[in-house]
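Heads up, the thing below is written out as structure tokens.
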Amino acid sequence: MREIILKAVANPPKILWGPFLPVLLNLGVQFPIMFMFMGTFNVNPLWFMSSLVVGHLICIALGVRDPHISAMIQAYGQAAKKSNNLYKEKGNKFAP
């Protein structure tokens, strides 16, 4: 069982050699823009495939530089919440 945990930590999930979350964000942003341009301006979707490939290459480069970038994005989303301070002080105080 310990081997499975170490393998999951050492090898974060990837989609076509890119880190999971940035690749999903890339697809989640580019596909709606592509469909809006196709419906509004009757643009050929092959133009967007090149930008999709460039975005994916950027995601792969980020994944090579820092393989755990998906976990870092998730951790930032959980830790970036503002706390209510009991006393007037600058910054976030998580304990009274």
Side-chain angles (χ1 to χ4, degrees):
M1 173 143 165
R2 184 174 178 183
E3 181 180 325
I4 296 170
I5 294 171
L6 292 176
K7 192 174 193 180
V9 171
N11 299 323
K14 295 183 184 267
I15 299 175
L16 295 174
W17 304 285
F20 189 73
L21 197 56
V23 169
L24 287 182
L25 290 173
N26 181 32
L27 291 174
V29 169
Q30 292 215 15
F31 273 137
I33 292 173
M34 177 181 71
F35 288 126
M36 285 189 286
F37 271 74
M38 282 172 50
T40 307
F41 302 114
N42 199 18
V43 177
N44 189 352
L46 290 176
W47 291 106
F48 287 97
M49 291 303 127
S50 62
S51 68
L52 190 67
V53 169
V54 168
H56 191 72
L57 290 174
I58 291 171
C59 289
I60 290 172
L62 287 173
V64 167
R65 185 172 155 234
D66 189 6
H68 296 282
I69 192 161
S70 295
M72 290 172 47
I73 292 171
Q74 290 173 345
Y76 176 76
Q78 294 172 359
K81 297 175 185 169
K82 295 285 183 185
S83 68
N84 295 328
N85 296 341
L86 296 176
Y87 307 107
K88 279 193 157 190
E89 295 181 27
K90 286 187 173 183
N92 287 337
K93 305 297 181 202
F94 295 108

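Given the structure is predicted, the values throughout are model-derived calculations rather than measurements.
With sequence neighbours left out, the side-chain contact (heavy atoms from CB on, under 4.5 Å) criterion links M36 to I33. Scanning for side-chain contact (heavy atoms from CB on, under 4.5 Å) contacts around P67 gives P12, with sequence neighbours left out. Annotation: side-chain contact (heavy atoms from CB on, under 4.5 Å) contacts of N42 (sequence neighbours excluded): none. The ring-ring contact (aromatic ring centres under 6.0 Å, His included) check on F41 picks up F37, with sequence neighbours excluded. Remark: W47 engages V43, N44 in a side-chain contact (heavy atoms from CB on, under 4.5 Å) (not counting sequence neighbours).
When all heavy atoms of L16 and H56 are compared, the pair lying nearest together is O-NE2, 3.0 Å.
Both M38 and M49 sit in one connected hydrophobic cluster of ILVMFWY residues. Membership requires side-chain heavy atoms under 4.5 Å apart, directly or through other members. When the side chains of ILVMFWY residues are joined at heavy-atom separations under 4.5 Å, either directly or via intervening members, L62 and I73 end up in a single hydrophobic cluster.
In this structure, C59 SG and K14 NZ are separated by 11.5 Å, a value rounded to the nearest 0.5 Å.
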Exercise answer: donor-acceptor pairs, residues 21-32 side-chain atoms, under 3.5 Å, sequence neighbours excluded:
{"unit_1": "N26", "atom_1": "OD1", "unit_2": "Q30", "atom_2": "NE2", "d": "3.1"}
{"unit_1": "Q30", "atom_1": "OE1", "unit_2": "S51", "atom_2": "OG", "d": "3.0"}
{"unit_1": "Q30", "atom_1": "OE1", "unit_2": "L52", "atom_2": "N", "d": "3.3"}
{"unit_1": "Q30", "atom_1": "NE2", "unit_2": "S51", "atom_2": "O", "d": "3.4"}

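Environment of CZ in F20: sparse, with no more than 12 heavy atoms of neighbouring residues, nucleotides or ligands closer than 6.0 Å.
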